[in-house]
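All remarks here apply to the structure that follows.
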Amino acid sequence: MASLRLIASAARRASSITLARRGYAEVNDKLKLSLVLPHQAIFTSTDVVQVNISAEAGDMGILANHVPSIEALRPGVVEVIESAGGSKKWFVSSGFATVHPNNKLTINVVEAAPLEDFSLEAVRTNLQEALKVASGSGSETDKMEARIEADVYEALQHAIAK
């Protein structure tokens with residue numbers, strides 16, 4: 001019986017608590033983006049409209065007022081949509097995106113390069129070489145490294161072909 005009173009008391013207190021409501025991003029709301037590599041900061045608290053990332057859980061777009069979260073990144077594109085309306089695309093190998101309260105987004109990546117810096121022909125050639133090593137008769141370590149390399153080249157090839 002005491003447990004029922006405890007639950008009823010908690011329910012009464014919970015109904016009196018006002019919860020903050022989340023809404024959609026307003027047109028004027030900006031996201032402060034920091035895109036950082038170990039040796040370089042590409043963006044440092046730069047106002048942007050939206051950032052699209054390739055998260056392990058799936059592709060996602062991040063706007064102002066996004067719920068705070070941490071997302072592991074897979075090899076893929078980080079697209080930054082700037083306030084002026086243009087966009088920049090970077091290919092990243094891996095990393096983490098952290099959405100902070102107060103419209104802040106931090107993306108820490110191991111490697112990143114502008115998407116336009118890649119040649120589709122070179123990517124295809126390197127992909128074939130990696131697949132050849134992965135299916136060859138080398139050591140298990142060489143095969144695993146080649147498989148990881150092939151995964152990155154496949155993601156890069158897909159990103160360039162879009």
Any [X] side-chain heavy atom under 4.5 Å of [Y] side chain:
{"X": "E82", "Y": "F43", "value": "yes"}
{"X": "K88", "Y": "V48", "value": "no"}
{"X": "I53", "Y": "L73", "value": "yes"}
{"X": "L115", "Y": "I160", "value": "yes"}
{"X": "V133", "Y": "E129", "value": "no"}
{"X": "I81", "Y": "N52", "value": "yes"}
{"X": "V67", "Y": "V99", "value": "no"}

Which atom names give the shortest non-hydrogen contact between [X] and [Y], and what distance separates them?
{"X": "K104", "Y": "L31", "answer": "N-CD1, 4.3 Å"}
{"X": "H66", "Y": "G61", "answer": "CD2-O, 4.0 Å"}
{"X": "S93", "Y": "P75", "answer": "O-CG, 3.2 Å"}
{"X": "K143", "Y": "A134", "answer": "CG-O, 3.6 Å"}
{"X": "L131", "Y": "E154", "answer": "CD2-OE2, 4.3 Å"}
{"X": "F91", "Y": "A159", "answer": "CD1-CB, 4.3 Å"}

Got a salt bridge between R74 and D59, using NZ or NE/NH1/NH2 to carboxylate O under 4.0 Å?
-> yes
From [X] atom [atom1] to [Y] atom [atom2], the distance as rounded to the nearest 0.5 Å:
{"X": "K89", "Y": "E116", "atom1": "NZ", "atom2": "CD", "value": "10.0 Å"}
{"X": "H39", "Y": "E111", "atom1": "NE2", "atom2": "CD", "value": "8.5 Å"}
{"X": "L156", "Y": "H158", "atom1": "CG", "atom2": "NE2", "value": "11.0 Å"}
{"X": "E149", "Y": "D142", "atom1": "CD", "atom2": "CG", "value": "11.0 Å"}

Can [Y] be reached from [X] by stepping across I, L, V, M, F, W or Y side chains whose heavy atoms are under 4.5 Å apart?
{"X": "L120", "Y": "V77", "answer": "yes"}
{"X": "F118", "Y": "L37", "answer": "no"}
{"X": "V78", "Y": "V152", "answer": "no"}

Paired with K32, the side chain to side chain donor-acceptor pair (under 3.5 Å) test is passed by just one of T106, N102, D47, N103, namely D47
Just wondering, more than 12 heavy atoms not from F96 lying within 6.0 Å of its CZ?
-> no
What do you reckon, is NE2 of H100 surrounded by more than 12 foreign heavy atoms closer than 6.0 Å?
-> yes
Exactly one candidate in I107, T44, I42, N108 meets side-chain contact (heavy atoms from CB on, under 4.5 Å) with V36; the answer is N108
Do you know which of V49, L105, L33 makes side-chain contact (heavy atoms from CB on, under 4.5 Å) with V80?
-> L33
Within the distance-only criterion (no hydrogens, no angle test), does the side chain of T98 pair as donor or acceptor with the backbone N or O of I70 below 3.5 angstrom?
-> no
